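Each chain gets a letter, A, B and so on, in the order the sequences are listed, and its residues count up from 1. Predicted model, so just to flag it, every value in this text is computed and none were measured.
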Amino acid sequence: MNCRVRFAPSPTGPLHMGGVRTALFNYLFARHNKGTMILRIEDTDQNRYVPGAEEYIMESLAWCGINIDEGIREGGEYGPYKQSVRKEIYRQYADLLINSDWAYYAFDTPEELEGKRQEAEGKSKDQESGLKAQGSGLKAQGSGEGSGQKGGKFAYDSTYRMELRNSLTLPEEEVKRMIAEGEPYVIRFKFPENEEIVMQDLIRGEVRVNTASLDDKVLFKSDGMPTYHLANVVDDYLMKISHVIRGEEWLPSLPLHVMLYKALGWASDMPQFAHLPLILKPSGNGKLSKRDGDKLGFPVFPIEYKSPETGETSSGYRESGYLSEAFINMLALLGWNPGTEQEIFSMDQLVEIFSLERVGKSGSRFDPEKAKNINHQYIQQKTDAELFCVVGGSGDSGDLGDSGDSGDSDDLGDSDDLGNTRSLSGVEGVKVIGLVKERMNFLTDFWDQAYFFFEAPEEYDAKMVKKGWKEGTKERMIQVIQVIEGSGLKAQGSSEGSGLRAQVIETNIKEWIAKEELGMGMIMNPLRLALVGAPKGPGVFDIIEVLGKEETIRRIQQAIKILA
RNA sequence: GGCCCGUUCGUCUAGGGGUUAGGACGCUAGAUUUUCAUUCUAGUAACAGGGGUUCGAUUCCCCUACGGGCUACCA
């Protein structure tokens, strides 16, 4: 059998990381089995439609490297791939179900049903069961135990449907008349009264449930659109989906879907189901949801999202400095594991070893710390040049932190009119990346770790000044300048040679320190202070090499002036 | 409330009738270091509880507790 899977989001807003993971697992499964990955847009609820959401979803998947084989952009033999466009298809199946007595028309208004619900909840439990036994004369005996106990809750089900306004209770003429007159109605699935449904889930094994606990779901809405349930089953069948891989929140409606396949006569073509465990919030309760936005202190969306309604912007992993490969890797490990101790995987490797058997059953709390660590590892894996490209402006939104410059040129850091700002050529930029990357967790950390290569310090860390800039420091620094002068260090711009120069200056300064019998810290700390302004950054000699002789000396002189 | 799913270190997880219950993140300590990080080494820490089954259960079964999902003319 051809392996065909689909990711079927509804365009009600941005996709959150849980959705991306579902898409990822579908994708990995499809690729692993040399199958087809389909993207279907489930927009049967026009009220919840959010403009731009589709584009957002596709852009997100593209960023993640989850490639679609068939979909609204890609086309395919089984299109269209958007349910609103397929609208005409569904009605005939609803009719089929009515004709075979698997479904019925229901005329109850939402208000009526709401009233029933309120009423039922208002009553105490014992009152309620008494009422129920009387209420439906047809089945008064059977429903008392086991089946009809809804515990103070009204449900449109086998115990109540005969008390409501539908084609099961109304005379046929009446039903015809109402429909002809344009009375609004829905079509509901008619669950058998008391039947054990046994289902197979690839992750959970056998799941069974009795139809007595199920209510008659709406399949077709009064606005002429199918509900998710009908559209989903019909489309999966028509699109020859072989495996339905979706979140666990769908498990409760699996019985409906399974029955639908049976009722439509498609039982032998029914896909296999796999319900993925949910991603939970790091702390507190519940599954991660779109509404969590930025409230939890980390992004829940793959890429930044601006709500067209509220104008509110929610951060994305991309803009927060995650590499998409790291994001994917992190997601893959949430609920799945390879069974080995390896945990860094490229997409290709994931495809290679992914299997549904190794997906866990229980929900997993998302841990932002772990995500950070994985991103850190990915950053270290990149070559300096690769990283330079991603960080340096050729990326989608090249800004590196909040330096205020909006430069998207190839240079890191734009020069402005102040003498204190410099720009570095690509080559130097790559070198800078090499020096700071090991202390970067996110791409966006770059500026914070490297700004001093571009801007001379204008103020100096107070603590460090107090600790390191003492009586004779000024004189020592003047001597340091002389040592540097004499070190044959070429001024910046003369492209020549490599790491040797840092070493040269290192030896010279160390020799000088030894000769003068000074302490290392006595020289190095003020030197760093002069060059960086703070107790941070790569080795001083490496910094000097990048800065070049002139700039280094200039900064030392400036520090002497300011700190004297 | 009802129905369904689940439960191994704080978190993600491996494992599986007899193990020193393994790894990763985090945390702590030490080493490296001219700073901050990184890195390295070590340490910390778990089978939810109660019943069975069994020579033996963390592993299999049942119950309880806890967690999660669903319970719309939303997906």
Side-chain angles (χ1 to χ4, degrees), chain A residues 8-12 42-45 47-48 106 108-110 113-114 117 121 125 149-153 155-156 184-188 201 203-204 207-210 212-215 217-223 225-229 231-232 247-255 275 277-278 280 282-283 285-287 330 333-343 358 360-374 376 380 436-441 445 449 461 464 467-468 509-510 513 519-529 532 534-541:
Chain A
S10 63
T12 56
E42 309 222 327
D43 58 343
T44 53
D45 185 356
N47 301 320
R48 291 213 305 160
D108 320 82
T109 65
L113 296 176
E114 190 46 41
R117 281 182 201 112
E121 263 175 62
K125 271 128 226 167
Q149 283 160 0
K150 291 288 183 289
K153 187 117 187 178
Y156 211 122
Y185 65 87
V186 299
I187 296 175
R188 286 181 181 270
D201 183 276
I203 292 169
R204 275 146 234 286
V207 176
R208 39 176 81 222
V209 65
N210 193 296
S213 67
L214 270 17
D215 61 335
K217 287 286 180 228
V218 171
L219 298 177
F220 206 84
K221 301 184 270 189
S222 57
D223 65 359
M225 284 293 258
T227 58
Y228 167 84
H229 303 291
N232 187 266
E248 192 185 359
E249 71 266 32
W250 293 109
L251 195 52
S253 47
L254 181 58
H275 290 88
L278 267 12
L280 277 15
S283 59
N285 337 303
K287 66 168 174 173
M330 174 276 282
L333 258 18
L334 237 38
W336 170 88
N337 76 82
T340 64
E341 266 155 27
Q342 186 181 351
E343 57 176 16
R358 296 213 61 90
K361 298 186 207 302
S362 46
S364 15
R365 282 180 192 276
F366 169 64
D367 180 5
E369 282 298 327
K370 181 82 179 184
K372 187 213 268 184
N373 175 273
I374 290 176
H376 179 258
Q380 306 322 307
V436 301
K437 84 170 171 187
E438 65 190 19
R439 58 203 78 200
M440 287 168 61
N441 287 315
D445 288 341
Q449 297 298 334
D461 181 81
M464 203 185 181
K467 238 171 138 181
I509 288 188
K510 281 186 174 167
I513 288 174
M520 268 300 241
M522 223 174 133
I523 301 304
M524 299 308 290
N525 285 328
L527 222 199
R528 171 176 299 279
L529 191 60
V532 178
K536 63 196 290 188
V540 165
F541 304 112

Please answer whether the main-chain N or O of [Y] pairs with a side-chain N or O of [X] as donor and acceptor at a distance below 3.5 Å.
{"X": "A:Arg528", "Y": "A:Pro535", "answer": "no"}
{"X": "A:Thr12", "Y": "A:Arg48", "answer": "no"}
{"X": "A:Glu438", "Y": "A:Gln380", "answer": "no"}

Exercise. Below 4.5 Å, heavy atoms only, C-beta onward: do A:Lys217 and A:Ser253 meet side chain to side chain?
Worked result: no

For this session: Indicate yes or no: at least one non-hydrogen side-chain atom of A:Tyr228 is less than 4.5 angstrom from one of A:Pro226.
Result: no

Seminar exercise, completed: Output for pair (A:Glu343 CD, A:Asn373 CG), nearest 0.5 Å, gives 7.5 Å

For this session: Find the distance between CD1 (A:Ile513) and CE (A:Met524) and round it off to the nearest 0.5 Å.
Result: 6.5 Å

[options]: which one has an atom nearest the side-chain heavy atoms of [X]?
{"X": "A:Trp250", "options": "B:C73, B:G6, B:A75", "answer": "B:A75"}
{"X": "A:Val186", "options": "B:U35, B:C73, B:A75", "answer": "B:C73"}
{"X": "A:Leu278", "options": "B:C5, B:A75, B:G68", "answer": "B:G68"}
{"X": "A:Lys221", "options": "B:C73, B:U35, B:U34", "answer": "B:C73"}
{"X": "A:Lys361", "options": "B:C4, B:G6, B:C74", "answer": "B:G6"}
{"X": "A:Ser10", "options": "B:A75, B:G26, B:U35", "answer": "B:A75"}
{"X": "A:Lys536", "options": "B:G69, B:C36, B:U71", "answer": "B:C36"}
{"X": "A:Arg117", "options": "B:C70, B:C74, B:A72", "answer": "B:A72"}
{"X": "A:Val540", "options": "B:U34, B:U71, B:C73", "answer": "B:U34"}

For this session: Return the nucleotide paired to B:A24: Watson-Crick means purine N1 to pyrimidine N3 with N6-O4 or O6-N4, wobble means G-U with N1-O2 and O6-N3, both under 3.5 Å.
Result: B:U11

For this session: Please determine, for B:A46, whether a Watson-Crick or G-U wobble partner exists with both distances under 3.5 Å, and give it or none.
Result: none

For this session: Determine the contact category for A:Gly519: base if any of its heavy atoms lies under 4.0 Å from a base atom, sugar-phosphate if only primed atoms, P, OP1 or OP2 are that close, otherwise nothing.
Result: nothing

Exercise. Checking all strands, does A:Val532 fall into the base, sugar-phosphate, or nothing category for heavy-atom contacts under 4.0 angstrom?
Worked result: nothing

Which whole-number value in Å describes the distance from [X] [atom1] to [N] [atom2]?
{"X": "A:Leu214", "N": "B:C3", "atom1": "CG", "atom2": "P", "answer": "12 Å"}
{"X": "A:Glu248", "N": "B:G67", "atom1": "CD", "atom2": "C1'", "answer": "11 Å"}
{"X": "A:Ile513", "N": "B:U34", "atom1": "CD1", "atom2": "C1'", "answer": "8 Å"}
{"X": "A:Phe220", "N": "B:A75", "atom1": "CZ", "atom2": "P", "answer": "12 Å"}
{"X": "A:Glu341", "N": "B:C25", "atom1": "CD", "atom2": "C1'", "answer": "14 Å"}

For this session: Spell out protein contact along nucleotides 37-43 of chain B as letters: B when the base is contacted, S when just the sugar-phosphate is, - when no protein heavy atom is under 4.0 Å; keep the 5' to 3' order.
Result: BSS----

Exercise. Quick one: what's the B/S/- string for nucleotides 8-16 of chain B, heavy-atom cutoff under 4.0 Å, read 5' to 3'?
Worked result: ---SSSSS-

For this session: Might you point out which heavy atoms bring A:Ile203 and A:His275 nearest each other, and give the distance in Å?
Result: CD1-O, 3.5 Å

Exercise. Do A:Ser213 side-chain and B:C3 base share a donor-acceptor contact under 3.5 Å?
Worked result: no

